[in-house]
4 protein chains.
Amino acid sequence: MTRGTNDAGERATTGAARGAPSRRADAVRNRASIIRATRRLVTERGTDAAMGEIAKAAGVAVGTLYRHFPTKADLLAAVVTQYVETLAQAIQEAWARVEQGSADAGQEVLNFVARALEMTSGNQAAKAAARTLGVQPEYSEAEARATEALERLIRAGCDSGRLRSDLTVADIYILVAFCPSDSPVEVRLRWLELIRPGLLGDGA
Amino acid sequence: MTRGTNDAGERATTGAARGAPSRRADAVRNRASIIRATRRLVTERGTDAAMGEIAKAAGVAVGTLYRHFPTKADLLAAVVTQYVETLAQAIQEAWARVEQGSADAGQEVLNFVARALEMTSGNQAAKAAARTLGVQPEYSEAEARATEALERLIRAGCDSGRLRSDLTVADIYILVAFCPSDSPVEVRLRWLELIRPGLLGDGA
Amino acid sequence: MTRGTNDAGERATTGAARGAPSRRADAVRNRASIIRATRRLVTERGTDAAMGEIAKAAGVAVGTLYRHFPTKADLLAAVVTQYVETLAQAIQEAWARVEQGSADAGQEVLNFVARALEMTSGNQAAKAAARTLGVQPEYSEAEARATEALERLIRAGCDSGRLRSDLTVADIYILVAFCPSDSPVEVRLRWLELIRPGLLGDGA
Amino acid sequence: MTRGTNDAGERATTGAARGAPSRRADAVRNRASIIRATRRLVTERGTDAAMGEIAKAAGVAVGTLYRHFPTKADLLAAVVTQYVETLAQAIQEAWARVEQGSADAGQEVLNFVARALEMTSGNQAAKAAARTLGVQPEYSEAEARATEALERLIRAGCDSGRLRSDLTVADIYILVAFCPSDSPVEVRLRWLELIRPGLLGDGA
DNA sequence: TATGAATGAGCGTTCATTCAT
DNA sequence: CATGAATGAACGCTCATTCAT
């Protein structure tokens, strides 16, 4: 959690050149495995997914699960946090492309919504689950990065007349927060089409 | 709750036009009270709202709760069903206004989405909750009525050029199904504005 | 069911010559109906038969059921008592036949066991159920009559050398108490055959 | 409970010949304790013995009870199964004695019934309880062993003229199934005497 | 550090019993 | 007298969490 950021957001001591893969490596593998299993089970069955089942699905014992996440809420928060992290990355990349002139800001915003729609699938449940359990996951840092990049993106899109002139970051969040992420493709595609006119500029 | 059909959709004075309210009257009151409490608690805590708590919130004992709704799923289904019923009524009234020339079809569709947004508040959760428990509430009749009226409304709106020419009933349902019903007013209003362009005709 | 000793062992006020059959007649009918329903349900499902179900099966409301039998235990006791009453009658008739020379005492004892085996069917459950609930049904009077008649029967059978010389009333009770009353016919018949040698005299 | 296979039919020292008893040892003790408690309570109160009470009587929490027996039916089945196992062993030993000439077949059959009468005590109830809950305990293997040995025993007894010539294994089962196992000694002894003539040969 | 047995509060549901009508 | 809605203790069972090994 202090370097690289791998799947579970944990540095992997590639070291320990000789001997068993060290306790630490196991722990890292376990953590990733747990988060993966959680995402899957929570998607399928919501909050009702039991800690015991998650542990089994992750191939560890409950005790190990609890060593990594002292509470069910913590576990759920971890899943949500990771998702926000991924989103932030997507936006930053989009902004990078626009900055170096290789993409249109307006189009990138549209693309971002589509991507978010896709990525949210499965985590929507996690989000709801987290909310239910009263979790206050620490987006902060990742969210800040995402917001900043998105703001720049939108400003650029508005300036070019491509996007609706009064569009804000909050608008995008609202839309993404209430998108049909777990619905069949037809619904998701149609929703994107219904949404688009509201994002584009009057003369677009 | 102020109209002819009361909150529990049951006529109160079966016979005995005057005289004591009888246990029967209590029962009716209880049923309404239970549904009200359920809507509230489920909104707050989702499926995890316990039957015992719902009962207490409704001011009855568990047994009474179960006399009215033999299963948690049944209870949730009842809440959802009632909500669909209300929606159906709203659309039918809208169509009636349009038919007698006292309103514009396009505007009524827009208004309906706004109204649905408002009414969905609190029931969104119930709907999700019901889904979680595998409930298959019997919308059928009410839903059929709603769909038919909405179809007419949309057709009229499209014919007048006011609505997007390829708009369908399903589109409205998608939007309503994923609206920020439980969010603060600002969010709800903004969402409506973001959505509007996607519903209106190109030359609107 | 309206005269003599009726099914529920209650005298029926044949009176009330004119007018509705009087509350009393209804009550009598209800009581009989309840006992019948109880016997059936308890046979099928044991103690788990619910008071509510029994009431419904008897065609009355729970309240009525409770008016007749203030407790589930009371209801069960009534069924058991009635069964003992029937047994007592059977033995008394047997003794009457022997006394007037129209039957052999030993054979009558054998016949009685067979009959008891048959009659116990279905009530075995009631008996067990009653025991479970800690009922102490008031056999006393009927049991006393039965015991006295059976004693005479056995004495006569022993005197004639037909029955095992040390046979007692208690012996018969033991056998009847632990007979395969609810088993298929083959089992019941075979049991009677296995039992017989133990009842007959050495030289029989 | 004093023989090789312990009360729970489980070998205690899996590995670790010496050292701390480990939770595993506790688990084994718990299982035995649970079965013991179940047998006692079910004898006293039949199926109505609550899981919670059984747990308390066994000195464990409900959760532990359920870890060992996922269902009340399973628990009851375990008790019944263990009983059948014990019976099977008794018969096999009897046959072994007869085979090596150290005992008379007829007498062993009689002895077996007596022993079964004794051992059934307490489990009769469990059996009935299990039946009530629709359990289909897996006697199969143990029962098969018992039946085979008993068959040989009976055949030998018949050949020697000691036992009733048409006696079958089923006959013994019938008798044992309906014996006064939970009654006071006098009753049990008397019942054995009443039964004996039916099992012995005509000229015995 | 990983394991998994143990714990016990809590959940959905049932049912004997009461009592206003 | 009959009715049936209401009550609430109790039951079978689950599951987040702890802790001895």
Side-chain angles (χ1 to χ4, degrees), chain A residues 22-24 26-27 30 48-56 60-73 75 133, chain B residues 16 19-28 30-31 47-55 59-73 75 133, chain C residues 22-24 26-27 30 48-56 60-73 75 133, chain D residues 16 19-28 30-31 48-56 59-73 75 133:
Chain A
S22 87
R23 283 285 154 88
R24 192 71 205 194
D26 274 26
N30 279 345
D48 295 348
M51 292 298 267
E53 280 176 303
I54 293 176
K56 186 182 295 181
V60 303
V62 244
T64 304
L65 175 52
Y66 273 91
R67 172 171 296 280
H68 285 284
F69 304 95
T71 277
K72 187 173 190 180
L75 174 56
L133 296 179
Chain B
S22 82
R23 269 292 149 108
R24 193 66 204 230
D26 274 30
V28 171
N30 278 342
R31 195 192 144 95
T47 314
D48 294 348
M51 292 296 267
E53 281 176 304
I54 293 176
V60 302
V62 243
T64 303
L65 176 52
Y66 276 92
R67 166 174 286 274
H68 287 284
F69 303 96
T71 278
K72 188 173 191 179
L75 175 56
L133 294 179
Chain C
S22 86
R23 284 286 156 88
R24 191 71 204 195
D26 273 27
N30 279 344
D48 293 348
M51 291 299 266
E53 279 176 305
I54 292 175
K56 185 182 293 182
V60 302
V62 245
T64 305
L65 175 53
Y66 274 89
R67 174 169 296 279
H68 286 283
F69 303 95
T71 276
K72 187 172 190 179
L75 175 56
L133 295 179
Chain D
S22 80
R23 269 294 149 106
R24 193 66 204 231
D26 273 29
V28 171
N30 278 342
R31 195 191 143 96
D48 294 348
M51 290 298 267
E53 281 176 304
I54 292 176
K56 187 181 296 183
V60 301
V62 242
T64 303
L65 176 52
Y66 276 94
R67 166 175 285 275
H68 286 284
F69 303 96
T71 278
K72 187 172 190 179
L75 175 56
L133 293 180

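Letters A, B, ... are given to chains in the order of the sequence lines, protein chains preceding strands, and every chain is numbered from 1.
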| request: Specify the separation, in whole Å, of atom CG of L65(A) and atom C1' of dT3(E). | output: 13 Å
| task | Please report, rounded to the nearest Å, how far the C1' atom of dT17(E) is from the CD1 atom of I54(C). | result | 14 Å
| note | In whole angstroms, the gap separating P of dT13(E) from CE of M51(B) amounts to 6 Å
| task | Report yes if at least one side-chain N or O of R67(A) is closer than 4.0 Å to OP1 or OP2 of dA2(E); otherwise report no. | result | yes
| query | Can you check the D48(B) CG to dC15(F) P distance for me, whole Å? | reply | 12 Å
| Between dT13(E), dC11(F), dA16(F), which one does the side chain of K72(A) approach most closely? | dA16(F)
| said: Heavy atoms from C-beta onward define the side chain here; which of dC15(F), dG12(E), dA16(E) lies closest to that of A50(A)? | reply: dC15(F)
| side-chain contact (heavy atoms from CB on, under 4.5 Å) with L65(C): which of K72(C), K56(C), M51(C)? | M51(C)
| Distance check: side-chain N/O of H68(C) vs OP1/OP2 of dC1(F), anything under 4.0 Å? | no
| task | Find the distance D26(D):CG to dT21(F):C1' and express it as a whole number of Å. | result | 10 Å
| request: Quickly work out the K56(C) NZ to dA5(F) C1' distance and round it to whole Å. | output: 14 Å
| Rounded distance (Å) that lies between atom C1' of dA6(F) and atom CZ of R31(B) | 17 Å
| Toward the 5' end of DNA chain E, which comes first, A73(B) or G63(C), by nearest nucleotide? | A73(B)
| message | Starting the side chain at C-beta, find the nucleotide from dC1(F), dA6(F), dT17(F) nearest to A27(C). | response | dC1(F)
| Looking only at heavy atoms, what is the nearest atom pair of F69(D) and L75(D), with distance? | CD1-CD1, 3.5 Å
| said: Using a heavy-atom cut-off of 4.0 Å across all strands, would you classify A55(B) as base, sugar-phosphate, or nothing? | reply: nothing
| task | Using a 4.5 Å cut-off on heavy atoms from C-beta on, say whether the side chain of D48(A) contacts that of D48(B). | result | yes
| request: Using a cut-off of strictly less than 4.0 Å, decide whether T64(C) has a side-chain nitrogen or oxygen near OP1 or OP2 of dT3(F). | output: yes
| query | Should dT21(F) form a Watson-Crick or G-U wobble pair with both distances under 3.5 Å, which nucleotide is its partner? | reply | dA2(E)
| request: Report the distance from atom CG of L75(A) to atom C1' of dC15(F), rounded to the nearest whole Å. | output: 14 Å
| task | Verify the contact: side-chain N or O of N30(B) to OP1 or OP2 of dA5(F), cut-off strictly under 4.0 Å; return yes or no. | result | no
| First encountered from the 5' end of DNA chain F, between V62(C) and G52(A) | V62(C)
| task | Between T71(D) and V60(B), name the one whose nearest nucleotide on DNA chain F is closer to the 5' end. | result | V60(B)
